[in-house]
Amino acid sequence: MGEDKAMKRVRTPTRLSVALLSAGFLLFLGWPWLTARGGIHCQAMSMALFHGCLALAWNICSMMGAVSLGHTAFFGLGAYGSALLCHYGHLNPFLTIPLGGILGAFYGVLWHIAFGKLRGAPFALASLASVEIPKVIIDNWESFTFGSLGVVGIPPLSPIRVGSFMLDFGENPVHLYHLFLVGTLFLCLLYRQALRSRWGWAVRTIREDETAAASLGVNVRRTRLQVFICSAFLTGICGGVYAHLMGLVEPALVFSLHISALPLVLSIFGGRFQWYGPLLGAVVLYPLDQVVFRSLFPVGHSALYGFVVILTLMLFPQGMGAWLQKRLHLASS
Amino acid sequence: MMLQFLVNATTLGAFYALVAIGFSLILGVTHAFNLAHGEMLLLSGYLAYFLGKHFGAPLLLILPVSMLTMLFAALCLERLLRRVPEPHELNTLVITFGLVLLLQNAMLMAFSANYRIVAPETGPGQTPSSTLFLSETQVLILGLSLAATGAVFLLLKRSFLGKALRATIQDGEAARLAGINVKHMHLLAFGLGGLLVGTAGPLYARTAYLHPFGGMEATLIAVILTIFAGVGRIRGLLIGGWILGLVESGTVLLLGTNWRELASSLILIALLLLRPEGLLPKWAKTRP
Amino acid sequence: MAAEATPPCLELKGISFGFHGRPLLEDITLTVGHQEIVSFIGPNGVGKTTLFNIICGLAAPLKGSVIYRGVDITGREPHTICRMGIARTFQIPRPFPQMTVLENVLVGIWFGAEEAGKPDGERQEALRLLDLVGLRHKAEERGRELTLSELRRLEVARALATKPRLLLLDEVAAGLSPQAIREAVELIKSLRDGGLTLLIIDHFLTLTCQVSDRLVALCERKMTAVGKPAEVLNSPEVMRAYLGRGDA
Ligand SMILES: Nc1ncnc2c1ncn2[C@@H]1O[C@H](COP(=O)(O)OP(=O)(O)OP(=O)(O)O)[C@@H](O)[C@H]1O
Ligand SMILES: [Mg+2]
């Protein structure tokens with residue numbers, strides 16, 4: 001009957017979506033040359049990709065049904081971890097950033113231990129409250145973290161020599177853009193493969209019905225732990241990168257509600273249940289905010305994000321990705 | 001000194017309870033997590049500030065205006081949250097979180113990031129706890145908070161409407177079957193919540209510095225007290241408010257202001273873990 | 001004897017349980033042999049489903065132990081117990097609502113059984129199980145689109161997908177037509193002939209009496225009667241419990 005056709009429909013991508021994906025890829029590859037090289041549009045897109053990674057990291061939790069309002073805890077720990085290691089240890093940023101990520105992952109393990117029983121709204125509230133713990137400690141441990149003054153003079157990402165060519169991420173925005181592009185693509189493909197693996201199915205069953213999943217043999221506790229570790233590690237890495245981009249970290253800068261909120265908004269807008277959703281949300285919404293809204297309302301332009309979240313959840317709760325997929329499907333059949 | 005400390009903590013606690021009652025009623029009756037509760041408080045605080053500053057309006061005039069405005073705002077919110085898709089509690093939480101972002105930035109746009117306070121009696125940089133024994137503001141806060149709390153308590157316990165509200169809190173479905181118009185109860189809960197926030201806002205503007213990002217703290221306090229007391233339990237909220245007031249003032253006294261936020265966060269996490277049934281009694285009963 | 005060498009399929013030893021300090025089950029002791037079908041009857045709310053939850057690890061008993069094939073599994077996690085070969089259906093069906101029916105079954109195949117089959121074999125196996133319960137024509141529909149009786153059948157297919165040796169069926173026949181009940185009886189019998197041991201909760205005495213080797217009557221926290229279906233149904237305690245309910 002039609003069921004075999006239906007099976008194929010889910011698995012093999014249609015020609016149209018392949019065409020769209022490759023067009024999108026080429027557009028992103030050539031973006032710096034389409035816009036003024038290294039100008040504001042290029043930088044905005046760099047940061048959009050960066051926030052896309054952040055949203056992907058957040059969405060791992062959301063795929064499991066855990067909506068977190070506290071990812072800035074991982075972000076801040078990653079940023080501080082990397083910044084302080086650079087400050088005290090004078091290590092290469094490319095080494096300290098993963099170490100910062102590990103610090104974030106460590107906090108993720110703590111989440112798993114402490115919030116093992118919490119789900120839904122209570123989990124969201126607990127994650128929100130958990131941000132204060134590292135923030136207040138860092139704020140008050142002045143001898144080590146410089147308190148609310150923050151760490152300044154963090155070195156930018158160190159240059160890499162490829163043959164005779166110098167990739168200088170600190171100085172050249174185009175190189176930075178391509179670094180982010182490569183990183184994002186890598187993460188996105190990894191994410192897609194992970195979701196399609198058995199592990200991804202386990203994560204999905206936990207979202208849809210945890211008790212049923214457990215009694216069908218899914219190891220809920222271990223999967224939750226793995227999800228928290230992955231999500232926290234990646235968010236911590238983003239935090240570390242951010243520290244080296246900015247050159248300084250302060251508690252109020254890296255432990256902020258805004259950083260918890262952004263990945264949530266971008267993922268919900270782009271589509272939480274598609275692998276490309278968070279990235280889609282980031283490349284659409286973030287430049288819209290930075291390029292259009294920011295010039296209209298220099299202060300308080302982030303109101304856009306709040307507005308978008310409310311609208312998306314009320315009008316199409318599955319997000320733009322699901323909507324787009326439906327459209328593509330109709331167009332190709 | 002000790003007495004001063006107790007007086008301050010009592011005032012603070014009564015005010016906390018006032019803030020929490022609205023949140024708790026809304027959560028209990030409609031199962032909507034209103035994370036924007038603190039932002040509503042701030043809004044009415046700003047309203048009071050500008051009415052007082054620019055029109056020189058007395059508190060007696062400010063209060064009704066603020067209450068009516070917040071009543072209106074809360075009813076609008078009810079309309080918005082009514083159509084939220086399932087799962088209701090989580091989605092209302094996320095939507096009101098979006099509202100928090102929206103309101104924070106809108107307030108930033110409108111009022112800038114300056115710290116403002118109505119009639120700073122104790123001068124900037126000083127916490128009110130170090131000078132007067134019992135300031136006029138404190139009397140006001142204590143009196144108004146207790147009056148509002150008492151009024152809601154009487155409404156819930158003595159009136160027919162209160163009975164219907166309490167029935168809806170305990171089991172919305174059963175209340176519907178018993179002929180209670182649950183939709184009206186939702187409106188009533190939001191309305192009451194709005195009125196209470198409208199009462200608390202002008203008082204807040206007199207004790208604390210208004211800042212566009214300051215609302216989350218108030219929300220968290222409301223959440224803490226609600227979990228502690230259980231939804232819709234006025235006496236429990238009042239007692240919880242006093243305990244929280246004592247703990248926070250104690251932390252500030254012993255460790256300094258910097259640690260206060262940590263104390264309330266830890267309390268929130270501990271309550272979430274130890275009293276999971278405190279949020280909504282009905283949910284805890286879902287069978288495996 | 002052979003029973004000495006191989007331990008029984010399931011032993012419940014003095015199980016007690018309660019919610020919030022209110023006792024629900026007291027001292028439940030029962031031994032179930034291999035390929036036996038044991039049914040539980042009892043008034044609503046007596047704790048039948050709770051007993052199933054205890055067996056498959058969703059609830060921990062206050063006292064007593066659950067022994068499966070000679071291994072004490074009390075307090076182990078549900079997924080371990082599932083992989084050891086105990087599967088159950090839920091009285092209130094718990095499908096994965098966003099997944100298709102086929103995917104629902106595939107989850108059971110992937111995570112329930114220890115050994116992994118070939119990718120193609122898995123699909124074939126899932127479709128075979130859907131055939132068994134008569135849901136093959138719904139394979140591509142989402143879990144949330146099924147009717148209640150279809151969901152009950154999905155529960156059975158999903159439980160079978162974990163390749164169990166002990167299957168717990170919780171009111172699978174509720175609301176079925178007489179024809180469907182006859183099919184269910186056939187299915188249960190053929191499953192037992194295939195080597196399964198079954199525990200069944202059902203208010204449908206036509207079904208339980210036809211298939212079960214033994215009937216267990218639960219009443220007011222205790223097991224009041226155990227034995228052949230006819231004996232149990234005629235025992236004074238059960239008569240009292242059921243007639244008492246009929247009066248009310
Ligand atoms: N999570 C829970 N918390 C508190 N009480 C519970 C919980 N789950 C079930 N109960 C109560 O325990 C009792 C036994 O429930 P159980 O579901 O085991 O009954 P049952 O025998 O399966 O009834 P039925 O024939 O209706 O399926 C019921 O009174 C029920 O209300
Ligand atoms: Mg039952």
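Lettering of chains follows the sequences in order, A, B, ..., and the numbering in each one begins at 1.
When heavy atoms are compared at a cutoff of 4.5 Å, Ser130(A) approaches chain B by way of both its backbone and its side chain. Neither the backbone nor the side chain of Leu103(B) comes within contact range of chain A; no heavy atoms are under 4.5 Å apart. Heavy atoms of Phe297(A) lying under 4.5 Å from chain B belong exclusively to its side chain. Proximity to chain A (any heavy atom under 4.5 Å) is shown, for Leu272(B), by both the backbone and the side chain. Contacts of Met216(B) with chain A are made by side-chain atoms alone, with heavy-atom separations under 4.5 Å and no backbone atom involved. Of the atoms belonging to Ile267(B), not a single heavy atom falls under 4.5 Å from chain A.
The salt bridge (charged side-chain N to carboxylate O under 4.0 Å, His left out) check on Arg221(A) picks up Glu77(C), with sequence neighbours excluded.
When side chains are defined from C-beta on, Leu102(B) does not count as touching Leu304(A), because their heavy atoms never get closer than 4.5 Å. Residues Ile95(B) and Met314(A) have side chains in contact (heavy-atom distance under 4.5 Å, counting atoms from C-beta outward). With contacts defined as side-chain heavy-atom distances shorter than 4.5 Å, the pair His301(A)/Asn105(B) does not qualify.
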Original post:
Is there a side-chain contact (heavy atoms from CB on, under 4.5 Å) between Phe115(A) and Ile269(B) once you walk through the steps?
Top reply: CA-CA 9 Å; Phe115(A) 305 157; Ile269(B) 292 175; 3.7 Å; yes
**OP:** Evaluate the side-chain contact (heavy atoms from CB on, under 4.5 Å) criterion for residues Leu128(A) and Leu220(B): first the C-alpha distance (whole Å), next the side-chain angles of each, then the deciding distance (0.1 Å), finally the verdict.
**Re:** CA-CA 9 Å; Leu128(A) 183 66; Leu220(B) 287 186; 4.0 Å; yes
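Most heavy-atom pairs under 4.5 Å with chain B, from the set Val308(A), Leu311(A), Leu125(A), Val67(A): that is Leu125(A). Between chain B and the residues Val309(A), Ile310(A), Thr312(A), the largest count of heavy-atom pairs under 4.5 Å involves Ile310(A). The residue among Ala261(A), Ser215(A), Pro298(A) with the most heavy atom pairs within less than 4.5 Å of chain B is Ala261(A).
The neighbour count for Arg275(B) CZ, taken as heavy atoms of other residues, nucleotides or ligands under 6.0 Å away, is above 12. Heavy-atom neighbours of Phe307(A) CZ from other residues, nucleotides or ligands within 6.0 Å: at or below the threshold of 12.
When each of Thr92(B), Val84(B), Val94(B) is paired with Leu313(A), the side chain to side chain contact (heavy atoms under 4.5 Å, CB included) condition holds for Val94(B) and for no other.
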Using a 3.5 Å cut-off and no angle test, enumerate the donor-acceptor pairs between side-chain atoms of residues 131-141 of chain A and protein atoms at least two apart in sequence or in another chain.
residue: Asp139(A); atom: OD1; partner: Ser148(A); partner atom: N; Å: 3.4
residue: Asn140(A); atom: OD1; partner: Asn258(B); partner atom: ND2; Å: 2.9
residue: Asn140(A); atom: ND2; partner: Val136(A); partner atom: O; Å: 2.9

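The nearest pair of heavy atoms linking Leu273(B) to Ala114(A) is CD2-O, 3.1 Å. The shortest heavy-atom contact between Ala303(A) and Met109(B) is CB-CE, 4.5 Å.
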